[in-house]
Every structure is written in C-alpha cells, then in structure tokens.
Amino acid sequence: MLDEEYFSKVFVRFAKYISENKEYLTELDSAIGDGDHGINMDKGCKNALEKIENLKLATPSEFFRTISMAILSSVGGASGPLYGTIFMKISATLSGKTNVTIEDLEEALQNALNAIKVLGKAEVGDKTMIDVWEPVVNKFKESLVNKNSLSEDLIKTAKESMERTIPLVARRGRASYLGERSANHQDPGATSSYLFFKALFEDLEVKD
Ligand code: ADP
Ligand code: MG
C-alpha cells in the first residue's frame, strides 16, 4: 500500500533530482528551446515543497492537489500547465483513498497521460515528455497484468524512452520552431519526466 508518506518521499526525491539536474535541464533546453526548463521545474518543485511542508494529515489526493496548485501558480511556459495537470489528475484519481494500491497508481498515471495528451496535443514521436510518459504507462499496465517486477523495468523504460528522443525532430512545443535542427538533442521535458519516474518507482515494492 502506498500512503501519503510514500508519496511525500517520492516528491522530495523528485525535487532533489530536479535541483541536482537544474543546469543540465537548462543546457538541454538552451539547445532546442529557451533555456528555462531547469529553472522552471526547480522553482515549481521548491514552491511545492514549501506548501507540502505545511500540510498536516493530508490524504494522497490532497497532497497531490497541493503540489499541482503550487506548480500551476509558480511555473509558466509549457511545462507548468503540463506538470500541473499531471499532479491534478493524480489527485483526482486518488480522491477518497488513504491507502493507494499499485493498481490505483497505474490508473492515476494513465489519467495523467491522457490529460496531458489532450492539453498539449502531442503524440509519441513528437519529441516531448509524451515520449517518456506513454511507454512507461504502457509498461506499467503490462507489468501489472504479467506480475513482473516493476521498479527496475519501469525506470529502464523511462531512461531508454528519454534517450530515444535524441534523433527526433520536434513537432510540438518551442523546439518545433527549429524544425530539422531540433534533431540530435535530448528533449528537456522527456528528461525531467525520466527523473519523475525514477523518483516515483525506485522505492516501489510489489507484493502479490
Ligand atoms: P517552454 O517550452 O514554454 O519554455 P519548458 O522549457 O519548461 O517550457 O518545457 C519544455 C518541455 O515541455 C519540452 O521539452 C517538452 O517535453 C514539453 N512540451 C512542450 N510542448 C509540449 C506539448 N505540446 N505536449 C507535451 N509536452 C510538451
Ligand atoms: Mg523552455
């Protein structure tokens, strides 16, 4: 069972990875965007950390809603609304649950993925965070059906999917303005999404 404490550790880890990779994300976004992805994400995560520190006895749903609101209120650009939507959808899916099952988590991630695809109108292959999100959510679903070991496989899928954005030509977001010149660079949002899944899954134990 996953409780608020588990998700709190996940978010603290995510914020740490973002902070440690702030320069790297900035470099990636300087190559094919405007160089603010590391700054955006770090600002949003720090603001969210402050807000969750003041939350007492929160449910997982309240916890993720607080994160969503903190990100939406402090991050602009493409990534603010996208990550804000991710955490809002996770919150909505987990509403009313104090102990979250692996199946609930899978459903929450599926709902988050569906929502960001509607919002950003990107598909796999467009060189965005969807290139990481969709294969990871699919792998998660498949692992649950087959009862495979989860965490290592999912993190590996996230990493490989992130790396697969390198040769792609961007068709959505700011990087798409570069056309062919966006190829041969790793997508910044796919990279922060990899960090998210690493933080989310690295401590996950599945018992059946
Ligand atoms: P901005 O592009 O507004 O400067 P960021 O630099 O913070 O915002 O985020 C850029 C990342 O957002 C990209 O690397 C990409 O992964 C993601 N992104 C941009 N547009 C979209 C979209 N339409 N759908 C999904 N993800 C997108
Ligand atoms: Mg940017």
Side-chain angles (χ1 to χ4, degrees), residues 11 14-49 67-90 108-140 154-155 157-200:
F11 193 78
F14 177 50
K16 178 170 163 271
Y17 294 156
I18 290 292
S19 165
E20 287 168 356
N21 288 282
K22 187 177 161 182
E23 303 304 321
Y24 175 52
L25 293 170
T26 293
E27 256 171 54
L28 293 175
D29 196 36
S30 301
I32 57 169
D34 55 356
D36 62 354
H37 191 59
I39 297 157
N40 284 344
M41 293 304 295
D42 192 50
K43 188 166 83 179
C45 286
K46 292 222 161 87
N47 186 30
L49 279 179
I67 291 174
S68 169
M69 280 157 55
I71 289 177
L72 287 171
S73 69
S74 57
V75 186
S79 58
L82 288 163
Y83 274 97
T85 298
I86 286 168
F87 290 115
M88 195 55 90
K89 280 290 161 185
I90 296 176
L109 296 178
Q110 179 72 62
N111 289 341
L113 168 64
N114 295 346
I116 56 174
K117 283 180 79 174
V118 169
L119 180 65
K121 299 179 181 63
E123 294 292 336
V124 165
D126 288 349
K127 198 180 183 98
T128 69
M129 59 176 71
I130 302 299
D131 286 315
V132 167
W133 270 82
E134 190 154 300
V136 170
V137 171
N138 287 343
K139 183 83 188 174
F140 197 172
L154 291 172
I155 294 171
T157 300
K159 186 162 188 285
E160 289 171 354
S161 305
M162 166 188 84
E163 288 163 355
R164 244 179 254 130
T165 64
I166 296 173
L168 298 176
V169 171
R171 287 192 293 246
R172 288 286 172 198
R174 213 178 271 281
S176 66
Y177 308 158
L178 291 180
E180 299 288 326
R181 280 182 294 136
S182 63
N184 301 318
H185 299 282
Q186 187 169 294
D187 180 62
T191 309
S192 59
S193 296
Y194 159 67
L195 296 173
F196 172 69
F197 287 120
K198 184 165 140 68
L200 181 62

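In listed order, ligands and their atoms are each counted from 1. Each residue takes its place number in the sequence, starting with 1.
- Salt bridge Arg172/Glu123: absent, no basic N to carboxylate O contact under 4.0 Å.
- Classification of the Phe14-Phe196 ring pair by plane angle, with boundaries at 30° and 60°, yields perpendicular.
- Counted by atom type alone, Glu160 and Tyr194 present zero donor-acceptor pairs between their side chains at under 3.5 Å.
- Ser192 and Tyr83 form a side-chain donor-acceptor contact under 3.5 Å, judged by distance and modelled atom types alone.
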Checking Gln186 against Thr191 for the side chain to side chain donor-acceptor pair (under 3.5 Å) test, could you report, in this order, the C-alpha distance in whole Å, the side-chain angles of both residues, the deciding distance, and whether it holds? CA-CA 7 Å; Gln186 187 169 294; Thr191 309; 3.0 Å; yes

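- No salt bridge links Asp187 with Lys127; every basic N to acidic carboxylate O contact stays at or beyond 4.0 Å.
- The side chain to side chain donor-acceptor pair (under 3.5 Å) check on Asn114 picks up Gln110, with sequence neighbours excluded.
- Here Phe140 pairs with Phe201 under the ring-ring contact (aromatic ring centres under 6.0 Å, His included) rule; sequence neighbours left out.
- With a cut-off of 2.8 Å, the protein N/O/S atoms near the Mg ion (ligand 2) add up to 3.
- By the 4.0 Å N-to-carboxylate-O rule, Arg174 lies close enough to Asp34 to be salt-bridged with it.
- Around ligand 1 you find Asp29, Asp34, Asp36, His37, Asn40, Gly77, Ala78, Ser79, Leu82, Gly120, Ala122, Thr128, Met129, Arg172, Gly173, Arg174, Asp187, Pro188, Gly189, Ala190, each with a heavy-atom distance below 4.0 Å.
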